[in-house]
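See structure below.
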Protein chains: 2
Amino acid sequence: MNRHSRLHLEPASPIPIYLQIAEQLRHRIAAGTLLPDTELPSVRALASEHLINPNTVARAYLELEREGLLSKRRGTGTYVSTSATKLAATYRVQAVRDLLDKTIAAAAEFGLPRKQLRQLFEDRLSAAKEKSA
Amino acid sequence: MNRHSRLHLEPASPIPIYLQIAEQLRHRIAAGTLLPDTELPSVRALASEHLINPNTVARAYLELEREGLLSKRRGTGTYVSTSATKLAATYRVQAVRDLLDKTIAAAAEFGLPRKQLRQLFEDRLSAAKEKSA
DNA sequence: GCCACTGTATCGCAGTATCGATACAGTGAA
DNA sequence: TTCACTGTATCGATACTGCGATACAGTGGC
């Protein structure tokens with residue numbers, strides 16, 4: 001089994017643990033840190049490492065399996081699926097697309113002109129740039 | 001009491017009733033359909049009209065009071081506050097701003113280049129335009 | 001076959017949120 | 001003061017969610 005750097009889990013967070021796990025694995029897959037066909041830690045191994053329940057890990061794995069990022073074989077283990085890297089990227093683009101649609105819908109719904117929405121978008125983009133710099 | 005067109009409530013919706021009420025009132029206030037200083041239906045009146053509990057209406061009113069859109073006087077009634085129209089508008093702009101920030105953060109977090117994000121934004125904007133046309 | 005490892009299914013507990021029933025409290029006109 | 005109207009506070013039923021304990025089931029090396 002490969003060496004994985006520990007996940008960063010916050011039990012006190014309002015975000016459920018299984019979603020924290022899923023998101024961090026998704027991120028690593030998209031970033032190429034977790035390569036296709038890599039074997040993941042067993043649900044028990046990851047669970048005991050983080051002092052949580054194996055089912056909680058299983059639930060995270062299930063999420064990612066549904067997204068096509070992981071493939072599981074009972075009795076054998078859980079693996080990053082072959083096409084995962086590309087999939088994870090498109091999955092994340094889709095997430096951004098959804099957020100954009102939601103934003104645009106919210107703006108349209110109360111009659112914010114397209115021009116102002118564009119302006120706002122550019123504003124926030126610069127604001128984000130400032131912060132990161 | 002003024003004549004208000006009925007709210008459209010869906011008890012089966014996953015969105016809580018009190019939020020449905022709040023959102024629709026917010027919308028009417030921002031749109032100028034509900035003018036400042038207008039008296040709203042009493043919690044009991046609105047509740048019995050929609051066959052729900054007065055407390056559910058009260059909770060919606062409470063939300064809007066916190067946002068400064070309504071002002072309540074026990075024993076007297078609930079009124080659209082004087083500066084509500086402007087407030088509601090800024091409230092909604094803020095909502096869009098928050099969504100934009102969330103979107104930009106999501107894009108940045110997995111390294112989507114600004115250029116592509118802009119492209120995506122324009123894409124979705126046109127897509128929305130198509131749909132509305 | 002045996003055994004130690006995989007993932008999975010079932011059950012129950014605890015925390016939380018929505019909403020209703022009901023009782024409480026303030027206001028103002030008669 | 002009285003009464004009919006306002007909003008408010010309290011309590012409980014119900015549903016849902018996250019997650020743990022525990023038992024079940026498949027796989028492969030010995």
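Under 4.0 angstrom from either OP1 or OP2 of dC19(C) there lies no side-chain N or O belonging to Tyr18(B). For dC5(C), the OP1/OP2 oxygens have no side-chain nitrogen or oxygen of Ser42(A) closer than 4.0 Å. Between Arg73(A) and dG26(D) there is no side-chain polar atom (N or O) within less than 4.0 angstrom of OP1 or OP2. Thr76(A) has no side-chain polar atom (N or O) that falls below the 4.0 Å cut-off from OP1 or OP2 of dT6(C).
Taking every side-chain heavy atom of Thr78(B) into account, dG7(D) is the closest of dG20(C), dA21(C), dG7(D). Comparing dT6(C), dT8(D), dC19(C) against the side chain of Pro16(B) picks out dC19(C) as the nearest. Among dG26(C), dA25(D), dA9(D), the nucleotide with an atom closest to any side-chain atom of Arg74(A) is dA25(D). Candidate nucleotides dT22(D), dC19(D), dA9(D) were compared by shortest atom distance to the side chain of Asn55(B), and dA9(D) ranks first. For Lys72(A), the side-chain atoms get nearest to dT8(C) when compared with the rest of dC19(D), dT8(C), dG20(C).
Summarising the geometry, the separation between CZ on Arg59(B) and C1' on dC11(D) is reported as 15 Å, rounded to the nearest angstrom. The interatomic distance linking Tyr79(B) (OH) with dT6(D) (C1') rounds to 9 Å, in whole Å. Summarising the geometry, the separation between CD on Glu39(B) and C1' on dG7(D) is reported as 12 Å, rounded to the nearest angstrom. The separation between Leu51(A) atom CG and dA21(D) atom P is 11 Å, rounded to whole Å. Put simply, CG on Leu64(B) is 15 Å from C1' on dG7(D), counting in whole angstrom units. Ile15(B) has its CD1 atom 18 Å from the C1' atom of dA15(D), to the nearest Å. Protein atom CG of Leu40(A) is 19 Å distant from nucleotide atom P of dC5(C), rounded to whole Å. The separation between Leu62(A) atom CG and dG7(C) atom P is 12 Å, rounded to whole Å.
Looking at heavy atoms from C-beta onward, Thr103(B) lies out of side-chain contact with Phe121(B) at the 4.5 angstrom threshold.
Rounding to the nearest 0.5 angstrom, the gap separating the CD atom in Glu49(A) from the CZ atom in Arg6(A) is 5.0 Å.
Remark: Glu23(B) engages Arg92(B) in a salt bridge, criterion side-chain N to carboxylate O under 4.0 Å. Salt bridge annotation for Arg114(B)-Glu122(A): absent, with no cationic side-chain nitrogen under 4.0 angstrom from a carboxylate oxygen.
Evaluation of atom-type donor-acceptor distances gives no pair under 3.5 Å for the side chain of Asn53(B) against the base of dT22(C). Arg44(B) contributes a side-chain N or O that forms a donor-acceptor pair with the base of dG7(D) under 3.5 Å.
Looking at Gln20(A), its side chain does come within 3.5 Å of a backbone N or O of Glu10(A) through a donor-acceptor pair.
Along DNA chain C, the nucleotide closest to Gly77(A) and the one closest to Gly75(B) are compared, and the more 5′ of them pairs with Gly77(A).
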